[in-house]
Engineer: 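My structure is below; once you've seen it, I'll send some questions.
No experiment lies behind these values; they were computed from the predicted model shown.
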Amino acid sequence: MSTIAENIAEIEEQLQGKARLIAVTKTKPTEILQETYDAGFRRFGENKVQEMTAKYEALPKDIEWHMIGHLQSNKVKYMAPYVSMVHSVDQFKLLKEINKEAKKNDRIINCLLQIFIAEEETKFGLSETEAREILESEELASLNNIKIVGLMGMASNTDDNNKVRQEFSALKNMFESFKSYERENVEMNELSMGMSGDFPIAIEEGSTFVRVGSAIFGAR
Ligand SMILES: *Cc1c(COP(=O)(O)O)cnc(C)c1O
């Protein structure tokens with residue numbers, strides 16, 4: 001069995017410097033995160049605010065924490081002091097709440113709009129139209145403590161690589177077309193797509209962040 005450090009090194013090699021790796025540590029105990037940290041890795045992704053916050057409190061403070069899971073507005077305050085990036089903004093209401101809590105902490109929090117690109121009904125995210133509504137809204141200009149820095153999406157969970165590639169490619173096209181909305185707090189720099197099963201395809205389609213869990217830590 002290969003170690004966490006070996007798995008990370010192998011994935012980093014496949015990324016060829018094109019995208020940054022987020023180690024998805026959800027459900028893994030703090031000891032595993034510490035082991036990953038000791039191997040030199042600093043970028044972790046979690047999908048639950050309480051779990052991430054408990055780990056944040058227990059671990060060294062130079063870790064970059066990425067929130068990748070569906071969020072409830074009332075939990076935003078717990079991560080606002082330290083979160084690096086929120087990948088899962090799927091409502092304007094949530095963006096306003098992140099802005100409010102970021103302001104209290106005198107921070108600007110980087111956010112990605114999560115776009116629904118898969119076929120499954122279980123996946124969260126905005127439609128292209130809903131995302132455009134947020135990017136076009138006048139109220140967005142008044143949110144000085146958030147910055148929309150790109151998009152996130154999850155492809156369908158299927159063995160059909162062509163389908164996965166089409167979904168990633170569609171997201172990349174949307175990302176490029178959204179550059180016309182760039183302003184003070186909107187900049188399309190980051191495209192978060194690709195997980196253990198599909199990150200090599202995501203890289204080919206222009207991903208800048210891959211979120212990989214089971215390929216590093218084993219099955220959950
Ligand atoms: C769990 C999760 C991942 C990682 O999934 P793996 O298949 O274990 O790599 C990536 N993104 C999101 C949003 C997740 O919830």
Side-chain angles (χ1 to χ4, degrees), residues 1-71 79 81-88 109-112 114 117-118 123 149-159 161 164-165 167-169 171-172 175 189-220:
M1 219 180 79
S2 43
T3 65
I4 290 170
E6 285 165 352
N7 292 339
I8 287 178
E10 196 176 301
I11 293 165
E12 298 265 26
E13 201 177 305
Q14 290 183 71
L15 298 181
Q16 300 175 304
K18 289 178 183 155
R20 282 150 293 157
L21 173 64
I22 295 170
V24 175
T25 48
K26 64 189 185 195
T27 76
K28 298 295 167 191
T30 304
E31 298 77 64
I32 297 287
L33 281 77
Q34 182 70 54
E35 184 185 336
T36 311
Y37 180 92
D38 292 340
F41 201 78
R42 297 288 181 272
R43 198 179 298 113
F44 296 148
E46 289 279 337
N47 69 339
K48 295 205 170 83
V49 175
Q50 280 103 325
E51 185 177 337
M52 182 169 80
T53 302
K55 289 170 176 174
Y56 163 77
E57 282 166 2
L59 289 162
K61 295 297 172 280
D62 60 341
I63 292 171
E64 241 182 67
W65 294 97
H66 291 254
M67 172 43 63
I68 63 170
H70 183 63
L71 268 172
M79 65 177 184
Y82 69 89
V83 71
S84 245
M85 190 174 288
V86 180
H87 292 232
S88 40
I109 297 181
N110 288 328
C111 297
L112 304 178
Q114 181 174 353
I117 55 170
K123 293 193 173 152
V149 296
L151 306 179
M152 184 271 243
M154 291 166 84
S156 295
N157 185 10
T158 169
D159 291 337
N161 285 347
V164 169
R165 187 179 296 282
E167 290 171 355
F168 285 149
S169 169
L171 186 61
K172 165 74 169 172
F175 172 78
N189 295 328
E190 306 293 353
L191 192 50
S192 171
M193 57 184 198
M195 307 174 28
S196 293
D198 56 20
F199 75 84
I201 302 174
I203 296 301
E204 288 171 8
E205 297 303 325
S207 174
T208 69
F209 275 122
V210 296
R211 311 175 309 271
V212 179
S214 45
I216 300 173
F217 303 107
R220 282 181 298 275

Engineer: Looking at Asp62, I want to see if its CG is surrounded by more than 12 non-hydrogen atoms of other residues, nucleotides or ligands under 6.0 Å.
Structural biologist: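 Yes, the 6.0 Å shell around CG holds more than 12 heavy atoms from other groups.
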Engineer: Taking Met152 as the fixed residue, which of Met193, Glu190, Gln114 is the one that meets the side chain to side chain contact (heavy atoms under 4.5 Å, CB included) rule?
Structural biologist: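 Answer to the side chain to side chain contact (heavy atoms under 4.5 Å, CB included) test with Met152 among Met193, Glu190, Gln114: Gln114.
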Engineer: Within the 4.5 Å heavy-atom criterion, are Tyr37 and Leu59 side-chain neighbours or not?
Structural biologist: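 Counting from C-beta outward, Tyr37 and Leu59 never come under 4.5 Å.
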Engineer: Could you tell me whether Glu64 and Arg42 have a side-chain N and a carboxylate O separated by less than 4.0 Å?
Structural biologist: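 Salt bridge: no.
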Engineer: Can you name the closest pair of heavy atoms from Ala19 and Ser207 and give their distance?
Structural biologist: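 Heavy atoms of Ala19 and Ser207 come nearest at CB-O, 3.5 Å.
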Engineer: How long is the straight-line distance from NZ of Lys48 back to CG of Leu71, given to the nearest 0.5 Å?
Structural biologist: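 It is 12.0 Å, given to the nearest 0.5 Å.
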Engineer: Kindly assign one of parallel, tilted or perpendicular to the pair Tyr56 and Tyr82, based on the angle between their ring planes and the thresholds 30° and 60°.
Structural biologist: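 Rings of Tyr56 and Tyr82: parallel, as their planes differ by under 30°.
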Engineer: Do Phe168 and Val164 have side-chain heavy atoms sitting under 4.5 Å apart?
Structural biologist: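 Yes, close enough: below the 4.5 Å cut-off.
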Engineer: Rounded at 0.5 Å granularity, tell me how far CD1 in Ile203 sits from CG in Asp198.
Structural biologist: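 Spacing of CD1 (Ile203) from CG (Asp198) equals 10.0 Å.
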Engineer: Quick check on Glu10: does its CD atom have over 12 non-hydrogen neighbours (other residues, nucleotides or ligands) under 6.0 Å away?
Structural biologist: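 At most 12 heavy atoms, drawn from other residues, nucleotides or ligands, come within 6.0 Å of this atom.
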Engineer: Quick check on side chain to side chain contact (heavy atoms under 4.5 Å, CB included): which of Asn7, Val212, Thr36 does Phe217 satisfy it with?
Structural biologist: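 Going through the options one by one, the only one that passes is Thr36.
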Engineer: Quick one: closest heavy-atom pair of Leu21 and Phe41, and the distance?
Structural biologist: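 The pair with the smallest heavy-atom distance is O-CZ, 3.2 Å.
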Engineer: Kindly give the heavy-atom pair with the smallest separation between Gln34 and Pro60, and that separation in Å.
Structural biologist: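 Here Gln34 and Pro60 meet closest at OE1-CD, 3.9 Å.
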Engineer: Considering only heavy atoms from C-beta outward, does the side chain of Val86 approach that of Ile109 to under 4.5 Å?
Structural biologist: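 Of all side-chain heavy-atom pairs linking Ile109 with Val86, at least one is under 4.5 Å.
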Engineer: From Glu205 CD over to Leu191 CG, what is the distance, rounded to the nearest 0.5 angstrom?
Structural biologist: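 Separation between the atoms: 10.0 Å.
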Engineer: What closest approach, in Å, do Pro200 and Gln14 show between heavy atoms, and which atom pair accounts for it?
Structural biologist: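 In terms of heavy atoms, the two residues are closest at CG-OE1, 3.9 Å.
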Engineer: Could you tell me if the side chain of Glu46 sits less than 4.5 Å from the side chain of Thr25, heavy atoms only?
Structural biologist: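 Counting from C-beta outward, Thr25 and Glu46 do come under 4.5 Å.
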Engineer: Side chains of Met85 and Phe209: closer than 4.5 Å at any heavy-atom pair?
Structural biologist: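 Yes, side chains in contact.
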Engineer: To the nearest 0.5 Å, how far apart are NZ in Lys26 and CE in Met52?
Structural biologist: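 Between Lys26 NZ and Met52 CE, I get 13.5 Å after rounding to 0.5 Å.
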Engineer: Once you round to the nearest 0.5 Å, how far does CE of Met79 lie from CD of Gln50?
Structural biologist: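 The distance works out to 11.0 Å.
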Engineer: Under 6.0 Å from the NZ atom of Lys172, do we count more than 12 heavy atoms belonging to anything else shown?
Structural biologist: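 It does: Lys172 NZ has more than 12 such atoms within range.
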Engineer: Could you give the distance from NE2 (His66) to OG (Ser84), rounded to the nearest 0.5 Å?
Structural biologist: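 Spacing of NE2 (His66) from OG (Ser84) equals 5.0 Å.
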Engineer: Where do Asn189 and Thr208 come nearest, in terms of heavy atoms and distance?
Structural biologist: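 The answer is O-CG2, 3.9 Å.
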Engineer: Strictly distance-based, threshold 3.5 Å: is any side-chain N or O of Thr53 a donor or acceptor partner for the main-chain N or O of Val49?
Structural biologist: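 It does hold such a pair.
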Engineer: Kindly give the heavy-atom pair with the smallest separation between Leu33 and Phe44, and that separation in Å.
Structural biologist: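 Result for this residue pair: O-CZ, 3.6 Å.
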Engineer: Side-chain contact, heavy-atom cut-off 4.5 Å: Ile22 with His87?
Structural biologist: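 Yes. Closest side-chain heavy atoms under 4.5 Å.
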